[in-house]
> 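Sharing a structure, written as structure tokens. Questions coming.
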Amino acid sequence: MHFLSSILEQYIADHSQSEPELLQRLTRETHLKVIQPRMITGHFQGRVLSLLSKIIGPKNILEIGTYTGYSAICLAEGLQQKGTLHTIDINEELHAMQRRYFDESGYGSQIIQHTGDALAIIPQLDLIFDMVFIDAEKVSYDHYYEAALKKCRPGSVILSDNVLWSGKVVEPLDPKDKATKILIDYNKKLRNDPRVETVLLPIRDGLTLSRVL
Ligand code: SAH
Ligand code: CA
């Protein structure tokens, strides 16, 4: 989804950190071999995630929705030396491809893959996360958020991706469209949730930044 003119998008990308070669390759392989390649984080948003992670300097990161591993590598770039990134995906077919790229990225030993439903796996993780990236099934966003919040501390940062849902959150609602309704409710909830302070950033398809109080 493009909210800005393509010429402005190009200008923004050209004046941001360039995309590492490994991630360019990962994007190409995802388009060649994997279904729904439009789910992958792109150059600009990837650099935003990387820089946010470097600013936060997290010891532990939780990612919900690994897909082919693009965003995981970006987030891992900011990990502390002995830090870990736990990433969860329900689709086991992607596991081997993720691992190849994680190992090549240099963060392989710090990235721990979990295969299964995030809602079953998160409660089993005995860790406090400094940073969380929510990017799996949109209809479960609120459940991921509640599960993740239990594993956060004051100051932890929770990012929620695709919250503008191609702009559908401000269009007349199709009653059959569950994901949009859930995202509208989710965005409202985060805005009013006294446990966090929240800004919705108009980055790509919408990226909400919430800081746990
Ligand atoms: N973060 C990735 C894109 C994630 S796409 C990137 O930016 O490159 C969403 C992923 O969520 C898909 O790979 C899908 O298999 C996974 N997913 C869907 N439902 C899930 C669930 N309940 N638990 C864990 N992963 C899930
Ligand atoms: Ca996404």
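It should be emphasised that the depicted structure is a prediction, and the values quoted were computed from it without experimental measurement. Both ligands and their constituent atoms are indexed starting at 1 by order of listing.
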> Can you confirm, on distance only, whether ligand 1 has an N/O atom lying under 3.5 Å from any N/O atom belonging to L94?
no

> Which atoms of ligand 1 sit under 4.0 Å from any heavy atom of T41?
6 (C), 7 (O), 8 (O)

> Less than 4.0 Å is my threshold; does some heavy atom of A72 fall inside it relative to ligand 1?
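For ligand 1, residue contact (heavy atoms, under 4.0 Å) with A72 is absent.
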
> Taking distance alone, with N or O pairs closer than 3.5 Å, would you say F133 contacts ligand 1?
no

> Verify the distance criterion only: is there a donor paired with an acceptor across the side chains of Y186 and S160 at less than 3.5 Å?
yes

> Strictly under 4.0 Å, does any heavy atom of I64 approach an atom of ligand 1?
no

> Within the stated cut-off of 3.0 Å, is an N/O/S atom of Q45 closer than that to the Ca ion (ligand 2)?
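Here the distance criterion (N, O or S atom, under 3.0 Å) is not met by Q45, so no.
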
> Any atoms of ligand 1 less than 4.0 Å from a non-hydrogen atom of G116? List them with their elements.
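Once the distances to G116 are compared, the set is 23 (N), 24 (C).
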
> If the cut-off is 4.0 Å to any non-hydrogen atom of Y70, which atoms of ligand 1 fall inside it?
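Every atom of ligand 1 under 4.0 Å from some heavy atom of Y70: 8 (O).
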
> I'd like the atom name of the N/O/S atom in D135 lying closest to the Ca ion (ligand 2).
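Closest N, O or S atom of D135 to the Ca ion (ligand 2): OD1.
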
> Could D177 and K181 be called an ion pair, given the rule that one side-chain N must be under 4.0 Å from one carboxylate O?
no

> Could you tell me, atom by atom, which parts of ligand 1 come under 4.0 Å of a heavy atom of Y144?
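The atoms of ligand 1 under 4.0 Å from a heavy atom of Y144 are 19 (N), 20 (C), 21 (C), 22 (N).
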
> Would Y141 end up clustered with V169 when hydrophobic side chains under 4.5 Å apart are linked, directly or stepwise?
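Looking at the clustering, V169 is in the same group as Y141.
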
> Can you name the atoms of ligand 1, numbered from 1 with element, that are less than 4.0 Å from a heavy atom of D135?
1 (N), 2 (C), 3 (C), 4 (C), 5 (S), 6 (C), 7 (O), 9 (C)

> Considering only heavy atoms of D117, which atoms of ligand 1 have at least one such atom less than 4.0 Å away?
21 (C), 22 (N), 23 (N)

> Indicate, as side chain, backbone, both or neither, the part of T68 found under 4.0 angstrom from ligand 1 when only non-hydrogen atoms are considered.
neither

> Atoms of ligand 1 less than 4.0 Å from E137 heavy atoms?
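With E137 as reference, the close atoms of ligand 1 come out as 18 (C), 19 (N).
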
> Kindly assign one of parallel, tilted or perpendicular to the pair H114 and H86, based on the angle between their ring planes and the thresholds 30° and 60°.
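Parallel: the ring planes of H114 and H86 meet at under 30°.
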
> Is there a donor-acceptor contact under 3.5 Å linking the side chains of Q36 and Y67?
no

> Please list, in number order, the atoms of ligand 1 under 4.0 Å from a heavy atom of Y67.
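Answer, ordered by atom number: 2 (C), 3 (C), 4 (C), 5 (S), 13 (O).
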
> When rounded to the nearest 0.5 angstrom, what is the spacing between CG in L79 and CG in N60?
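Here the rounded value is 8.0 Å.
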
> I'd like to know if the side chain of Q45 pairs up with that of D161 as donor and acceptor (distance under 3.5 Å, no hydrogens or angles considered).
yes

> Between atom CG of L49 and atom CD of E63, what is the distance when rounded to the nearest 0.5 Å?
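If we round to the nearest 0.5 Å, L49:CG and E63:CD are 8.5 Å apart.
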
> Among A120, S140, P37, A118, which one has a heavy atom closest to atom 23 (N) of ligand 1?
A118

> Answer yes or no as to whether an N/O/S atom of D161 is found below 3.0 Å from the Ca ion (ligand 2).
yes

> Between OG1 of T66 and CD of Q113, what distance do you get to the nearest 0.5 Å?
7.0 Å

